[in-house]
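Everything on this sheet refers to the single structure shown next.
These numbers come from the heavy atoms of this one structure, side chains and all, not from hydrogens, waters or symmetry mates.
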Amino acid sequence: MIIIGCMQANISYAQIDAYLKSVKEHTIQSKSLSEVRDYWVGLPRNYDTSKQYPVIYVLDAEWHFDLILAIVNDYSALKIIPQHIIVGVPNVEWEFKRGIDLTFSHTEIEFDGEIMDSTLYNSTNSGGGLYFFEYLNNELINDVDQKYATNDHNVLVGHSYGGYFGSYILPMAHKFSAFQIYDPSIWYSDGEVIKNIVEKLPADYKTDFFISYQLDPDFHASKIKDLIEVMGAYPNIKLVSKAYPEETRESLYVFSFLQGIKSIYTKSEDDLAE
């Protein structure tokens, strides 16, 4: 019995070790950002280069990469979703650079609707989103596609500022097939994301779009509801929205991903009617 117990323990540790070794670290000298950027890749169990896999790109990876990798591996083992390659996109000096990378302007309004000093948001803390988009879309995705067996189905997961970023880039020439947008900062610049979509997103635009939110404060939630209403007018967008009134800005993330990633692989009512 003791021998069997030791063997089982060794097998368990071997499985954990194999799981940890499935995460690869890479570095890119980004021309778009004029700096060195790291990214992390989590491979599916029994990764096979003769196959091709969809890819999930996780913004704010230092907080969410491990969580998403674990959930996707479990969900795929249970045949709830296909296997995916997970790419973590960590921030550089997140206290300062995160706001620069994930926003496209300098807001004069806060999440609760309060008008701010016009100099509070400036080039030192915001407005560099276009350069980060070019890095993500043209450099990072290309590097991942060259190194791994991908199938061009790319999912972007963004929370808060990351959700604002993911919504803002919809009209751009991007390489994402689906968007997971959690409690996005649509309040930023008084809802400029909505204006950008209304003015620039083609009427026949097609994508999978999951958006979640909590209800505090009212101004923040109202802007997200406005975005959901606008997105619902696009007939080719598979839109799924979910409010989490009992959750906070931080706690809704795990619930959002659990539901959101399944929504991509669940047929809509229109699909079922065909």
* **Lys/Arg N to Asp/Glu carboxylate O, Glu35 vs Lys97, below 4.0 Å** => yes

* Asked: Hey, are Asp143 and Tyr39 close enough side-chain-wise for a donor-acceptor pair under 3.5 Å?
  -> yes

* Asked: How would you list, by chain and number, every residue that makes a ring pair (Phe, Tyr, Trp, His ring centres under 6.0 Å) with Tyr244, sequence neighbours excluded?
  -> none

Would you check if [X] and [Y] make a side-chain contact, meaning some heavy-atom pair closer than 4.5 Å?
X	Y	result
Lys24	Leu43	yes
Tyr164	Glu192	yes
Val41	Tyr47	no
Ile264	Val155	yes
Asp48	Tyr53	yes
Phe257	Val72	yes

Measure the [atom1]-[atom2] distance between [X] and [Y] for me, rounded to the nearest 0.5 Å.
X	Y	atom1	atom2	value
Asn138	Lys31	CG	NZ	11.5 Å
Tyr253	Glu247	OH	CD	15.0 Å
Thr150	Gln52	OG1	CD	7.0 Å

Is there a path of hydrophobic side-chain contacts, each under 4.5 Å between heavy atoms of I/L/V/M/F/W/Y residues, joining [Y] to [X]?
X	Y	result
Val23	Leu140	no
Leu102	Val92	no
Tyr161	Tyr135	yes
Val240	Ile211	no
Leu136	Val36	no

* salt bridge (charged side-chain N to carboxylate O under 4.0 Å, His left out) partners of Asp216, counting only residues at least two apart -> none

* Those residues that, when tested against Arg98, pass salt bridge (charged side-chain N to carboxylate O under 4.0 Å, His left out) (two or more places apart) -> Asp60

* Structure fact -> Tracing side-chain contacts under 4.5 Å among Ile, Leu, Val, Met, Phe, Trp and Tyr outward from Trp63 reaches Trp94

* Looking at residues at least two apart in the chain, or sitting in another chain, which of them share a side-chain contact (heavy atoms from CB on, under 4.5 Å) with Lys195? -> Glu199

* Which of parallel (below 30°), tilted (30 to 60°) and perpendicular (above 60°) describes Tyr168 and Phe104? -> parallel

Throw together a table of side-chain donor-acceptor distances under 3.5 angstrom for residues 170-182, partners on residues two or more places apart or in other chains.
residue, atom, partner, partner atom, Å
His174, ND1, Phe176, N, 3.1
His174, ND1, Phe176, O, 3.3
His174, NE2, Leu170, O, 3.4
His174, NE2, Tyr205, OH, 2.8
Lys175, NZ, Asn137, O, 3.2
Lys175, NZ, Asn142, OD1, 2.8
Ser177, OG, His153, ND1, 3.4
Gln180, OE1, Tyr182, OH, 2.8
Gln180, OE1, Ile261, N, 3.4
Gln180, NE2, Gly260, O, 3.1

